[in-house]
Amino acid sequence: MFPYPSSSSLHMGHARNYAIGDVYARFKRMQGFNVLYPMGYDAFGLPAENAAIKTNSYPKKFTEDAIKIFSKQQKELGLSYDWDRMITTCYPEYYKWNQWFFLKLFEKGLAYKKKAPVNWCEKCGTVLANEQVVDGKCWRCHNEVSIKQLEQWFFKITAYAEKLLKGIDQLEGWPERVKTMQQNWIGKSEGTMVNFKMKDSDEIIPIFTTRPDTLYGVTFMVYAPEHPKVIELVNGTEYERKVKDFIAKVLVQERFSRTAEEQEKEGMFIGKYAINPLTGDEIPIYIANFVLLEYGTGAIMAVPAHDQRDFEFAKKYSIPIKIVIHPTSYDLHAEKMSRAYVEDGVLVNSEKFNGRNNREAIEEITKYLKEKGLGEKTVQYKLRDWLISRQRYWGTPIPVIYCDKCGMVPVPEKDLPVKLPEDVRFTGEGNPLAKVNKFVNVKCPECKNEARRETDTMDTFVDSSWYFLRYCSPKENKKPFDPKKVKYWMPVDQYIGGVEHAVMHLLYARFFIKALKDLKLVSFDEPFTRLFNQGMLHKGGFVMSKSRGNVVTQDEIAAKYGIDTARIFLLFVASPEKDVEWSDQGVEGGYRFLNKVYRLLEKKKTAKTSKRLQNKTHKTIKDVTQYIDEFKFNLALISIMGFTDYLSSEEEITKESLEILTKLLSPFAPHLAEEMWEKLGHKNFVSSEKWPKHDDKKIDLKVEAEEEMIRQTIADIRNILELAKIGQPKKLELFVSEQWKYEAFKKIQKELETTRNIGEIIKKALVKGHEQDISRIVPRVVKDPSKMPRIITSQQEELKTLEEFRAVIEREFKTRLVVIKAEESKEHKAKLAMPGKPAILAE
RNA sequence: GCGGGAGUGCCGGAGCGGCCAAACGGACACGGCUUAGGACCGUGUGGCUUAGUGCCUACGCAGGUUCAAAUCCUGUCUCCCGCACCA
């Protein structure tokens, strides 16, 4: 996800986010993929405008300065972007295409203007989309949001509600939680539209319900107070005054501060009645603060017996409660109820539906309504249309002209872009654009008479809904993008960014692509095949952020350790999707590791490799490759660390092994890797080298077992020397026992390779009298077949193959090692040699 | 209320049915190297025990499935996040 450029120093939180993508890009590039890894800036937006007002400067200047600083720091981080493809959304070359898309959507009826109650942020001086209101507050400035009735531009995202919902299933490479959030946000619910009739007229009041089974229990009806119908109904009646007062009061309360259930339910009767379509009963109509205008039809049927909200309201205003669903196991009495009965049960007081299970009744009553023309099955979504107009300057002008004669006229394509005027005064009040006469006053494209431009600008999320397409052909000036290039590159294989955009950017971009597909501009359904949400970086228990003041800047870490150290720490400390805590000491660890790697250059190089080294090398290549592919960068680094330790402890290493280490490390610590690569005598960049491939034949588990035995034996010898208080041994004697039950191990091992049924094997083994073996073998079986043959046999059989065994131990203890077969040794010594373990004597 | 995720050693965190008393790093302790070392190398850090071993107790808590559980299932507690008077 491209960033909003801000002018401060990048901190470690940024560094982590970017490093994650960079590792992957470098890795894939080395693997031979053609990698499009670009950077761009989401350059329009309020902060720049606000900063301009504050400092009496100009948003463009402010933004350009910020971008300079930002990209400089990104380069210092070693991010391997293709800077030739950089895009900046605030230039006409880019936003022209926002306008172009707008016109296309407008043609299709997917962009429209309507008067609507909208979210208004006083501090930002603009309206906001629903997605940008978080807990009743502005997502950007956290100011309380209020509701205003305004003419606004919308994109008809609701036309794609079903497609957006269905499409989620295809998003296999997306985190579950993002998918769930989108599902909830779209909020599909299936129910029934029921037509109630007004008592005194033929007017119909449609309402949406998911519980048509309770229709016989309706005892009142409630409108959202701000519903336009309400004023109409009370107009000229004795209720008019009181209703208007109530509405005013509710609006003052502000919808978004009407928080949930703790809000006291309040309302009033408005003097009108509706008729229950099934019973013909008169139903009083109320208005109340708990009914939402935007959901359903803005009016509800209320069934106090079976809905908690309705119940509370009915109690408060003494409205009758009529039970229509009865529990099967106990009695229910309306007068005695202390809360609504919301569980399932059997229908009562419901005429022909009496005795029916209520779940079944939902279907049946809906069917019945349909037959009588009183209602039908329907689907509701919580998703609202995307409000895209903003009353601010620093954004893409909406390409529309208002003419007294011709009405609303879209700017013809040939006149694009509608450029943002640059000589603008920022007073901090209202939309500065509206005061620029040169901008506002235009000729109508149709009748050529005096007309006025739309002065609203677009939400910056329009910019970010298609920018990834632009990367494919950033210099294209005839079209928003070159379709051939887009066909080659898109959709995005791997997208990386924070969860905070789950229902904003990520939903808008999906909508955009689906709309573009219908416009035949692209041929795919979803913009992002795989999505990765990186975790947050914390310090002192809080997310690292400039506003919190707990940042560790990139500059300070770079100065102290070099930026590679920071990259290593950030990638090593935990898997990338986890939140992590910054640790100064942890960074030291990363620094030590890199130093250790670098010191390997001083090691003596040998031409001849060994089986052990090959095994370790290829095992490492295999693991690191797999881990990076799985985004487990921390584990990849651990593998590399293990390899480093291995090489450090060797007397001599091969140049090849060092080169491989350098390559494996290069995505993580690119600067150090390049330096090492050069010191190893290469003229090119290691980052343009081929990623090493492992050879399965070189990975030998037996060698590993030998390794392990050497390690153990060395540890044993140490222990003994310490216990015996021997400083420097003159000679070591190693007694090796006969090959105790070795054959039996092998046999069982064979069976283990061919079956997963451990229980069966154990039984077999018991029959064969291998009880002792089982304790050794059984726990060693693991799922991964590559890890299967795990039996460690330290018998002489194996020892014979250990050409290096003696050498290693002799080097370690600077003494001579004598290996003696136990059976050839003196009797008492032979006893010392336990099966599976060599015995050691030291002088 | 609905939905998503997490609870592991002194700490950060791996592991997600079997080489697990648990990777890797940090911290601490001891030893080595050294004029010195906050550098580097080695060893150790649940309890008891053996020269090499073995046993017990452990992965929030309580049950269960399995030859085998930190890992699977059920319940429960705590924490984090998203949506939320959605009819």
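Chain A is the first sequence line, chain B the second, and so forth, proteins listed ahead of strands; every chain is numbered from 1. No experiment lies behind these values; they were computed from the predicted model shown.
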S.K.: List for me each residue that meets ring pair (Phe, Tyr, Trp, His ring centres under 6.0 Å) alongside A/F220, sequence neighbours excluded, and say none if there are none.
M.R.: A/Y286, A/F313

S.K.: I need the CD1-P distance between A/I362 and B/rA87, as an integer number of Å.
M.R.: 12 Å

S.K.: With P as the reference atom in both, quote the distance from B/rA70 to B/rG7 in angstrom, rounded to an integer.
M.R.: 15 Å

S.K.: Would you tell me if any nitrogen or oxygen in the side chain of A/R309 comes within less than 4.0 Å of OP1 or OP2 on B/rC86?
M.R.: yes

S.K.: For the side chain of A/Y295, counting heavy atoms from C-beta on, which of B/rA87, B/rA84, B/rA14 is nearest?
M.R.: B/rA87

S.K.: Need the pair for B/rU45. Rule: Watson-Crick or G-U wobble, both distances under 3.5 Å, any strand; none if unpaired.
M.R.: B/rA27

S.K.: Can you tell me, in whole Å, how much space there is between the C1' of B/rU53 and that of B/rU65?
M.R.: 33 Å

S.K.: In chain order, what residues pass the ring pair (Phe, Tyr, Trp, His ring centres under 6.0 Å) check against A/H227, with sequence neighbours excluded?
M.R.: A/Y223

S.K.: Return no unless some side-chain N or O of A/S189 is found under 4.0 Å from OP1 or OP2 of B/rA87.
M.R.: yes

S.K.: Report yes or no: do A/E577 and A/S575 form a side-chain donor-acceptor pair below 3.5 Å?
M.R.: yes

S.K.: Give, for atom CD of A/E376 and atom CG of A/N195, the distance between the pair rounded to the nearest 0.5 Å.
M.R.: 8.0 Å

S.K.: List for me each residue that meets side-chain hydrogen bond (donor to acceptor under 3.5 Å, both in side chains) alongside A/K596, sequence neighbours excluded, and say none if there are none.
M.R.: A/D645

S.K.: Using atom C1' in both nucleotides, what's the gap between B/rC16 and B/rA6 to the nearest angstrom?
M.R.: 14 Å

S.K.: Decide whether A/S639 and A/T620 meet the rule of one side-chain donor and one side-chain acceptor closer than 3.5 Å.
M.R.: no

S.K.: Would you kindly give the CD-to-P distance between A/Q626 and B/rA14, to the nearest whole Å?
M.R.: 17 Å

S.K.: When you compare the protein's N or O atoms with those of nucleotides 23-33 of chain B, which come within less than 3.5 Å of each other, and at what distance?
M.R.:
from: B/rG26; atom 1: OP1; to: A/R592; atom 2: NH1; distance (Å): 2.6

S.K.: How far does the C1' atom of B/rA22 sit from the matching atom of B/rG13, given to the nearest Å?
M.R.: 12 Å

S.K.: Need the pair for B/rG63. Rule: Watson-Crick or G-U wobble, both distances under 3.5 Å, any strand; none if unpaired.
M.R.: B/rC73

S.K.: Please list, chain by chain and in numerical order, all residues satisfying ring pair (Phe, Tyr, Trp, His ring centres under 6.0 Å) with A/F631, sequence neighbours excluded.
M.R.: A/Y24, A/F532, A/F633

S.K.: Identify, between A/A574 and A/R599, the residue whose nearest nucleotide on RNA chain B lies closer to the 5' end.
M.R.: A/A574

S.K.: Residues two or more places apart in sequence or in another chain: which of them pass side chain to side chain contact (heavy atoms under 4.5 Å, CB included) with A/I168?
M.R.: A/L165, A/K179, A/Q182, A/Q183, A/I186, A/R510

S.K.: Just the rounded figure in Å: distance from P of B/rG5 to CE of A/M536.
M.R.: 18 Å

S.K.: Roughly how many Å is it from CH2 in A/W174 to P in B/rG5, rounded to a whole number?
M.R.: 17 Å

S.K.: In whole Å, measure the gap between the C1' atoms of B/rA29 and B/rU78 for me.
M.R.: 34 Å

S.K.: Would you say A/K382 reaches B/rA84's phosphate, i.e. side-chain N/O to OP1/OP2 under 4.0 Å?
M.R.: no

S.K.: In this structure, how many angstroms lie between the P atom of B/rC85 and the CZ atom of A/R339, rounded?
M.R.: 18 Å

S.K.: Using a heavy-atom cut-off of 4.0 Å across all strands, would you classify A/D310 as base, sugar-phosphate, or nothing?
M.R.: nothing

S.K.: Return the pairing partner of B/rG3 with a 3.5 Å limit on both distances, Watson-Crick or G-U wobble; otherwise return none.
M.R.: B/rC81

S.K.: Distance check, P atoms only: B/rG25 and B/rG5, in whole angstrom units.
M.R.: 32 Å

S.K.: Measure CD/A/E294 against P/B/rC86 and give the value in whole Å, please.
M.R.: 12 Å

S.K.: Work out how far the P atom of B/rU66 is from that of B/rC73, and round it to whole angstrom.
M.R.: 16 Å

S.K.: Starting at atom OH of A/Y286, determine the distance to atom C1' of B/rA87, rounded to an integer number of angstrom.
M.R.: 18 Å

S.K.: Should we count CZ of A/R384 as having more than 12 external heavy atoms under 6.0 Å?
M.R.: yes

S.K.: Across the strands shown, which category fits A/S639 at heavy-atom distances under 4.0 angstrom: base, sugar-phosphate, nothing?
M.R.: nothing

S.K.: For A/G296 and A/E577, take the nucleotide of RNA chain B holding the closest heavy atom to each; which residue's nucleotide lies nearer the 5' end?
M.R.: A/E577

S.K.: Pick the P atom in B/rC61 and in B/rA69, then give their distance to the nearest Å.
M.R.: 16 Å

S.K.: When you measure from the side-chain N and O atoms of A/S575 to the phosphate of B/rA14, is any distance below 4.0 Å, counting only OP1 and OP2?
M.R.: yes

S.K.: Hunt down the Watson-Crick or G-U wobble partner of B/rU57, both distances under 3.5 Å, from any strand shown, or write none.
M.R.: none

S.K.: Would you mind pulling out the nucleotide paired to B/rC33, Watson-Crick or G-U wobble, both distances under 3.5 Å?
M.R.: none

S.K.: Could you state the atom-to-atom distance from CG of A/N184 to C1' of B/rG3 in whole Å?
M.R.: 6 Å

